[in-house]
Every structure is written in structure tokens, then in C-alpha cells.
Amino acid sequence: MIISFVNQKGGVGKTTTSINLAAGLIRRDYNLLYVDADPQGSASQWHSVENNQAFEILHYPEPLHRADIEALSQDYEHVIIDAPPANHDLTSALATFSDLLIVPITPSPLDLWAYSEMQVDIEDLRMRNPELKVHLMINRKIPGTRLGREARQAMDVFNADILKTELCQRVAYIESLISGVSVIQYEPKGKAALEIDAFCDEVLSLMVEKKPEAAEVNFHENSIESAFAQMVR
Ligand SMILES: Nc1ncnc2c1ncn2[C@@H]1O[C@H](COP(=O)(O)OP(=O)(O)OP(=O)(O)O)[C@@H](O)[C@H]1O
Ligand SMILES: [Mg+2]
């Protein structure tokens, strides 16, 4: 399964959530490759703290193509890709060959407005990859606040799938990064670790769900550029 974390908006938690999902899946003995597609290399920097060997990570800031990922993923059950913000072409490419796009969103009007622009592109690309699943994910929810409670409701306007799992704003997500570990390693019985455990369960359940029948798609599967060109035509 190829799982990509995308959002054109920066700082929504793509790296934080993807690192922790990867660590959670590794803990369940999945064979996994983490691809850091962000030129900033945030995940790679995290990984180099304490020479963390939690999982294999590949810094791949060049444009990613289906053939690259297929070649890379031969030896792995799952590939998790952390995308940079504001890279429309890469998001489009990832949508054409990923099984699942996870779009972390913080419960803020700024994030919601940013997603409303991106949604149009995703819907377009989904027509070319009918098996693609796209799920929004609430991250940095502040427990006990009205904003937190109403986040899910506010996202209803998108008519999109939203993961049941919500990640709250917790110091453990930041402190674990500083220590170069996941929240599961940092505080195994903490609330953040429980959230990540639920996140893993939910992602795994999506993988076993029956996929829709593949509809005929009209683009050259090895050419992301041509898919993208069709999209913007
Ligand atoms: N649930 C959370 N609780 C507390 N802090 C969080 C949480 N999720 C993310 N953060 C913090 O928010 C900041 C942005 O997170 P992160 O770098 O993961 O976002 P990003 O979407 O990958 O950013 P970019 O678009 O720049 O790649 C970081 O400082 C991170 O530690
Ligand atoms: Mg990032």
C-alpha cells in the first residue's frame, strides 16, 4: 500500500503524522519504507537524531514518478510518502499512483480555506485513479474547546471522508521529535501513543476494505506529466 501525506498548506502536521504512522506500523511488524519527498528533509533530520533506526527512510527530493515508487516499493509491504507543501505537481503525481492520500488539517479556518482549493484538484485526479482513497485527518485538535468540537462539522462542507481518529495538540508530538523517536517510543502509554495506535488501526482497516471496481482510465500510466497535463487542459 502506498500512503501519501499531502496538503498544499504548510505546517499542518504531514511530517509528524506520517512519521508516527510509520513507527506504529513498524511496531506491528510491517515491512515499510518511508520516503521523505520534502526538499526540507524534515523527516530525514528527525531520523538522524540519535541515529534512529526505527525504520528505513529515503530522502527523495527529486520529482517522484510512478516507476520510481514501484521500483522502490518492490521489497516493502507499505510505502509512506511525506510530501512538501505548495507542490502542486507532486501532489498530482502522488494522487495518480497512491492507494491512500491522507490530508492532515488543523481545525483553523486558514487550513479549511486552503483545502477548499486543493479539493478541486483531488476530485479531478480521483477520476483518473478510481481506486484512490482520500481521507482528511484532524490534527492538533485542542481538547475541551468549541473549535475542537466543531472541527469535524466544519469539514462537512467538503463532502470528503474524514478519518475517525483525531490527533490532539500534545506536547508529546513535539518532544518526541526533538528526541528523534515516535510518540510510541517516547511515551508508550501516553495519550498521543494511544491516538497513533487508533490511527494505525484505522489505516489498516481501510486497506482491507473492498476497493471499487477499476474504471477505465484514460491516461498513460507511466507518465505523470501527461496525467497532469490532461488535468489542467
Ligand atoms: N498533534 C500535534 N500536537 C502538537 N504539535 C504538533 C502536532 N502535529 C504537528 N505539530 C507541530 O506542528 C509543527 C508542524 O508540523 P509538521 O512539520 O509535521 O507539519 P508539516 O505539514 O509537515 O509542515 P511542512 O508543510 O512545513 O512540511 C511542528 O512543530 C510539529 O511539531
Ligand atoms: Mg513536513
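All ligand and atom numbering here is 1-based and tracks the order in the structure.
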* Non-hydrogen atoms of Gly11 versus ligand 1: any pair closer than 4.0 Å? -> yes
* Asked: Looking at atom 13 (C) of ligand 1, what's its closest protein heavy atom, distance included?
  -> Arg140 NH1, 3.8 Å
* Any N/O/S of Ser42 under 2.8 Å from the Mg ion (ligand 2)? -> no
* To do: Please identify which atoms of ligand 1 are closer than 4.0 Å to at least one heavy atom of Gln169.
  => 3 (N)
* Using a heavy-atom cut-off of under 4.0 Å, does the side chain or the backbone of Lys14 touch ligand 1, or both, or neither? -> both
* **Qualifying residue for salt bridge (Lys or Arg N to Asp or Glu O under 4.0 Å) with Glu166, from Arg140, Arg149, Arg152** => Arg152
* Asked: Short list, please: which atoms of ligand 1 are under 4.0 Å from a heavy atom of Cys168?
  -> 1 (N), 2 (C), 3 (N)
* Asked: Quick one: nearest non-hydrogen protein atom to atom 9 (C) of ligand 1, plus distance?
  -> Thr16 OG1, 3.4 Å
* To do: Output the list of atoms in ligand 1 that are nearer than 4.0 Å to some heavy atom of Val12, sorted by atom number.
  => 19 (O), 20 (P), 21 (O)
* To do: Within a distance under 4.0 Å of any heavy atom of Gln40, pick out the atoms of ligand 1 and give their elements.
  => 26 (O), 27 (O)
* To do: Evaluate side-chain contact (heavy atoms from CB on, under 4.5 Å) for Thr15 paired with Leu177, printing each intermediate quantity in order.
  => CA-CA 10 Å; Thr15 303; Leu177 289 179; 5.9 Å; no
* Taking the six-membered ring for Trp, are Tyr173 and Trp46 ring centroids under 6.0 Å apart? -> no
* To do: Using a 4.0 Å heavy-atom threshold (strictly under), name the region of Asp38 that reaches ligand 1: side chain, backbone, both or neither.
  => side chain
* **Thr17 versus Asn139, side-chain donor and acceptor atoms under 3.5 Å** => no
* From CA spacing to verdict: salt bridge (Lys or Arg N to Asp or Glu O under 4.0 Å), Lys189, Asp197 -> CA-CA 10 Å; Lys189 294 197 189 319; Asp197 208 35; over 6 Å; no
* Asked: Which atoms of ligand 1 sit under 4.0 Å from any heavy atom of Arg170?
  -> 3 (N), 4 (C)
* Any idea which atoms of ligand 1 are less than 4.0 Å away from a heavy-atom of Leu177? -> 31 (O)
* Asked: Is atom 15 (O) of ligand 1 less than 4.0 angstrom from some protein heavy atom?
  -> yes
* ligand 1 to Thr17 polar contact by distance, N or O atoms, under 3.5 Å -> no
* Given side-chain contact (heavy atoms from CB on, under 4.5 Å), test His135 with Glu202 step by step and report yes or no. => CA-CA 11 Å; His135 285 261; Glu202 191 169 3; 5.6 Å; no
* Asked: In the protein, what heavy atom is nearest to atom 17 (O) of ligand 1, and what distance, to one decimal place, separates them?
  -> Thr15 CB, 4.2 Å
* List every atom of ligand 1 that sits less than 4.0 Å from any heavy atom of Asn139, numbering the atoms from 1 in the order shown and giving each element. => 1 (N), 2 (C), 7 (C), 8 (N), 9 (C)
* Would you say Lys141 contacts ligand 1, with heavy atoms under 4.0 Å as the rule? -> no
* Which ligand 1 atoms does Gly10 reach within 4.0 Å, using its non-hydrogen atoms? -> 25 (O)
* Ignoring hydrogens, tell whether any protein atom lies closer than 4.0 Å to atom 6 (C) of ligand 1; use the non-hydrogen atoms only. => yes
